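Worksheet: one structure, shown below.
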Amino acid sequence: MIVLHHCHETRSMRVLWLLNELGVDFELRVHPFDKSLRSDGYLDLSPAGRVPALEMDGAVLFESGAILQVLAARYPEAGHGRLPGDADWNEWLVWLHFAETLSQHTAALTQQHIMLYDDDMRSPTIMKLEAARVGKCFDAIEARLSSGEGSREYLLASGFSVADIAVGQAVYMASHFVRLENWAALSPWYAQITARPGFVAALPKEGDMRLYRRDFYEVWRG
């Protein structure tokens, strides 16, 4: 049995999305996004006290990008991974891990807008800088989707893959702070992949604990 340890609207969401796409049996254990992730019991699963943690085959995996890569290799018939020797293996790896570049800037914005409760702890300067850095990441995705003859349907010419899941989930998080409509290729790509049942099933349900209580957070101006 596969067991996924998950917090809603965090990077573990990309693993949940992939498991839904794969259609495999798994158990979902939802944790609050709080200090309980630092408990001794959970630290045995994830030594940094973060989600995701994935129990599988008697072992525990952590780090979302690594888990996506392992699951894609374990279930090659789904076609969401790529193998060494495939024409787009290098590009698959690059975009799979590009999701972390975008996610780190979103994490900084999440901390500023949500995790810092007192206004005097927040910095409009950091918010503006990190939002601009998210915009640069969106530029990179836009350029990728616009390359070649016409717009690409997915990040890879060979079709939908774990790269779209990883980057798409990172865009989902970032879209709470930077609006997507200024990117002509990114917006329809994002709309298409987030209409997939696997993504929809990974969203928090009514009444679930959420990280983001608003659809969009404007820059706090002090």
Side-chain angles (χ1 to χ4, degrees), residues 1-76 78 80-81 92-117 130 134 137 161-177 198-205 207-213:
M1 170 63 76
I2 296 173
V3 178
L4 173 63
H5 296 266
H6 171 63
C7 293
H8 292 301
E9 298 182 308
T10 68
R11 275 170 256 198
S12 62
M13 182 181 176
R14 59 186 63 156
V15 179
L16 178 56
W17 181 358
L18 176 57
L19 288 170
N20 291 332
E21 293 277 351
L22 294 174
V24 298
D25 291 331
F26 67 95
E27 178 184 340
L28 183 65
R29 295 185 187 173
V30 178
H31 298 265
F33 192 71
D34 60 19
K35 292 181 179 179
S36 65
L37 296 177
R38 306 295 190 271
S39 67
D40 289 343
Y42 190 75
L43 288 173
D44 289 339
L45 299 173
S46 179
R50 303 176 65 172
V51 289
L54 188 82
E55 299 181 61
M56 184 173 67
D57 298 334
V60 181
L61 306 174
F62 51 92
E63 293 300 326
S64 62
I67 293 171
L68 293 181
Q69 202 169 338
V70 168
L71 287 173
R74 181 185 172 101
Y75 299 100
H80 298 328
W92 181 76
L93 278 181
V94 166
W95 288 102
L96 173 61
H97 294 289
F98 179 80
E100 284 306 298
T101 299
L102 175 53
S103 294
Q104 69 176 351
H105 300 308
T106 302
L109 286 164
T110 301
Q111 181 184 62
Q112 287 288 318
H113 284 275
I114 297 169
M115 309 311 293
L116 299 179
Y117 296 106
E130 293 297 343
V134 166
C137 290
S161 75
V162 166
D164 295 288
I165 290 175
V167 177
Q169 189 274 334
V171 171
Y172 166 77
M173 304 277 282
S175 69
H176 290 84
F177 307 107
F199 174 82
V200 175
L203 291 168
K205 307 297 187 293
D208 284 343
M209 297 173 286
R210 304 184 71 105
L211 182 59
Y212 301 114
R213 297 180 182 178

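Remember, predicted model here, so these are calculated numbers, not experimental data.
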Are any of the side-chain heavy atoms of [X] and [Y] separated by less than 4.5 Å?
{"X": "Met173", "Y": "Ser103", "answer": "no"}
{"X": "Gln112", "Y": "Glu130", "answer": "no"}
{"X": "Cys7", "Y": "Met209", "answer": "no"}
{"X": "Glu55", "Y": "Glu27", "answer": "no"}
{"X": "His80", "Y": "Trp92", "answer": "no"}
{"X": "His8", "Y": "Arg210", "answer": "no"}
{"X": "Ser36", "Y": "Tyr42", "answer": "no"}
{"X": "Glu21", "Y": "Phe199", "answer": "no"}

For [X] and [Y], work out which heavy atoms get closest and say how close.
{"X": "Asn20", "Y": "Ala202", "answer": "ND2-N, 3.6 Å"}
{"X": "Pro32", "Y": "Leu37", "answer": "O-CG, 3.9 Å"}
{"X": "Ser12", "Y": "His5", "answer": "CB-O, 4.0 Å"}
{"X": "Leu45", "Y": "Phe62", "answer": "O-CD2, 3.8 Å"}
{"X": "Trp17", "Y": "Ile165", "answer": "CZ3-O, 3.4 Å"}
{"X": "Leu211", "Y": "Ile114", "answer": "O-CD1, 3.7 Å"}

> Does the side-chain contact (heavy atoms from CB on, under 4.5 Å) test come out yes or no for Val162 and Arg14, once each step is laid out?
Replying inline: CA-CA 9 Å; Val162 166; Arg14 59 186 63 156; over 6 Å; no
> What do the steps show when you test Met13 against Ser64 for side-chain contact (heavy atoms from CB on, under 4.5 Å), and what is the final call?
Replying inline: CA-CA 9 Å; Met13 182 181 176; Ser64 62; over 6 Å; no
Whether over 12 other heavy atoms sit under 6.0 Å from [X] [atom1]:
{"X": "Lys205", "atom1": "NZ", "value": "yes"}
{"X": "Asp25", "atom1": "CG", "value": "no"}
{"X": "Phe33", "atom1": "CZ", "value": "no"}

Enter the distance from [X]:[atom1] to [Y]:[atom2] here, rounded to the nearest 0.5 Å.
{"X": "Leu54", "Y": "Glu63", "atom1": "CG", "atom2": "CD", "value": "13.0 Å"}
{"X": "His6", "Y": "Arg29", "atom1": "NE2", "atom2": "CZ", "value": "14.5 Å"}
{"X": "Leu68", "Y": "Leu19", "atom1": "CG", "atom2": "CG", "value": "9.0 Å"}
{"X": "Asp57", "Y": "Met1", "atom1": "CG", "atom2": "CE", "value": "12.5 Å"}
{"X": "Leu22", "Y": "Ile2", "atom1": "CG", "atom2": "CD1", "value": "8.0 Å"}
{"X": "Gln169", "Y": "Thr106", "atom1": "CD", "atom2": "OG1", "value": "9.0 Å"}

>> Taking the six-membered ring for Trp, are Phe177 and Tyr212 closer than 6.0 Å centroid to centroid?
In response: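 Yes.
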> Yes or no on side-chain contact (heavy atoms from CB on, under 4.5 Å) for Glu9 and His176, after CA distance, side-chain angles and deciding distance?
Replying inline: CA-CA 11 Å; Glu9 298 182 308; His176 290 84; 4.2 Å; yes
>> So, using ring-ring contact (aromatic ring centres under 6.0 Å, His included) as the criterion, who are the partners of Phe26 when residues are at least two apart?
In response: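 Not a single residue meets the ring-ring contact (aromatic ring centres under 6.0 Å, His included) criterion with Phe26.
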>> Test: salt bridge (charged side-chain N to carboxylate O under 4.0 Å, His left out). Region: residues 38-53. Which pairs qualify, not counting sequence neighbours?
In response: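 Counting only pairs at least two positions apart or across chains, no salt bridge (charged side-chain N to carboxylate O under 4.0 Å, His left out) contact touches residues 38-53.
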